[in-house]
Amino acid sequence: MGVRHEWFQTDQYITVTIFAKGITEDKLQIVIGKQNLSAIVKLDEHTDYTIDIVLQHPINPDTSSHKIFKTKIEIRLCKATGVRWDSLEHKEESAVDQRAYPTSNRRNPVDWNRVEAEVEKQDAEEKKEGDAALNELFQKIYADGNEDTKRAMIKSFQESGGTVLSTNWNDIGAKSTEVKPLMDGVQEVGRMNIQKSSTSANEVVNEKDSWKN
């Protein structure tokens, strides 16, 4: 088995064990800081085994030590406090993970990242307006319509010079579609005007600005 290291803890100490045979003091270099550990073990002329880590919690370097055995090296680090370590190394948390939000639900905390994503999605959808919203509406009507609906939309739009859009093929197919000005009783919605015919369920849409030839 190759050289490796492991660690365990007591209430007062962290012990890091490097399993390497036949190591002498002249082949070992150890530096212990307040919250870091560096160890270089010279295995042969061309190979070193290196540990260089930031510890999870602070230690007392002055009361820490190391000892060499025939098959291993033990580094005993004295804890600065009696806290239980979850890992040997300190792990950086991302800015997102470090954010703290108030919540009364300790058992099932709110996933704030998901909440923010939903809000951003809603904001993006609410920003759709003008030509983008109009095009999206027409694309949906066209995609969901049957063949007669699609034929009526194309024919009415082309023949009216872009002033009328109808989904009623029975009405549009029987005659040419005339260019129509804004009609009385039309409800204005932004730049679009929509009127429902009293004799049919089709919608007639007049776009005042972008559909002028």
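We use all heavy atoms of the structure for the numbers below, so side chains are in, but hydrogens, waters and symmetry mates are not.
The two residues S166 and S156 have their closest heavy-atom pair at N-OG, 2.9 Å. Of all heavy-atom pairs spanning S64 and C78, the tightest one is OG-N, 3.0 Å. Contact record, W169 with D148: CB-O, 3.5 Å, taken as the closest heavy-atom pair.
Expressed to the nearest 0.5 Å, how far CD of E89 lies from CG of L55 amounts to 8.5 Å. Expressed to the nearest 0.5 Å, how far NE2 of H90 lies from CG of N36 amounts to 12.5 Å. Taking CG of D62 as the start and NZ of K34 as the end, the distance is 9.0 Å to the nearest 0.5 Å. Atom CD1 of I141 is separated from atom NZ of K150 by 13.0 Å, given to the nearest 0.5 angstrom. Q12 contributes atom CD, which lies 10.5 Å from atom CG of N60 (distance to the nearest 0.5 angstrom).
Linking ILVMFWY side-chain heavy atoms closer than 4.5 Å, directly or via other members, places F19 and L77 in two distinct hydrophobic clusters. Cluster annotation: F69 is not connected to I14 through the hydrophobic network of ILVMFWY side chains, with a link wherever side-chain heavy atoms come within less than 4.5 Å. Cluster membership check: I53 shares its hydrophobic cluster with V41, using side-chain heavy-atom separations under 4.5 Å among Ile, Leu, Val, Met, Phe, Trp and Tyr. Connection of Y13 to L88 is not established within any shared hydrophobic cluster, with ILVMFWY side chains joined at heavy-atom distances below 4.5 Å, either directly or through further cluster members.
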I68/K72 under side chain to side chain contact (heavy atoms under 4.5 Å, CB included): CA gap, chis, key distance, verdict: CA-CA 6 Å; I68 300 175; K72 63 182 180 180; over 6 Å; no
Full working for side chain to side chain contact (heavy atoms under 4.5 Å, CB included) between I51 and H5: CA-CA 9 Å; I51 298 175; H5 73 272; 3.7 Å; yes
Assess the residue pair H66 and L28 against the criterion (side chain to side chain contact (heavy atoms under 4.5 Å, CB included)); give the C-alpha distance rounded to whole Å, side-chain angles, the decisive distance to 0.1 Å, and a yes or no. CA-CA 10 Å; H66 73 275; L28 179 64; 3.8 Å; yes
Take N168 and T149 through the side chain to side chain contact (heavy atoms under 4.5 Å, CB included) test and state the conclusion after the steps. CA-CA 6 Å; N168 190 339; T149 297; over 6 Å; no
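Annotation: side chain of I18 is in contact with side chain of Y49 (closest heavy-atom distance under 4.5 Å). Side chains of V16 and L37 form a contact here, defined as non-hydrogen atoms less than 4.5 Å apart. Using a 4.5 Å cut-off on side-chain heavy atoms (C-beta onward), T81 and H57 make no contact. By the 4.5 Å heavy-atom criterion applied to side chains, E159 and S176 are counted as neighbours. The side-chain heavy atoms of I40 and V31, taken from C-beta on, include no pair separated by under 4.5 Å. Counting only heavy atoms from C-beta outward, the side chains of W85 and K79 approach each other to under 4.5 Å.
In this structure, D26 places its CG atom where more than 12 heavy-atom neighbours from other residues, nucleotides or ligands lie under 6.0 Å away. Taking a 6.0 Å sphere around CD of Q9, one finds it holds more than 12 heavy atoms contributed by other residues, nucleotides or ligands.
For K27 and E25, the salt-bridge test fails: no basic side-chain N is under 4.0 Å from an acidic carboxylate O.
Under the rule for a side-chain contact (heavy atoms from CB on, under 4.5 Å), the partners of T15 that lie at least two apart in sequence or sit in another chain are F8, T17, E74, R76.
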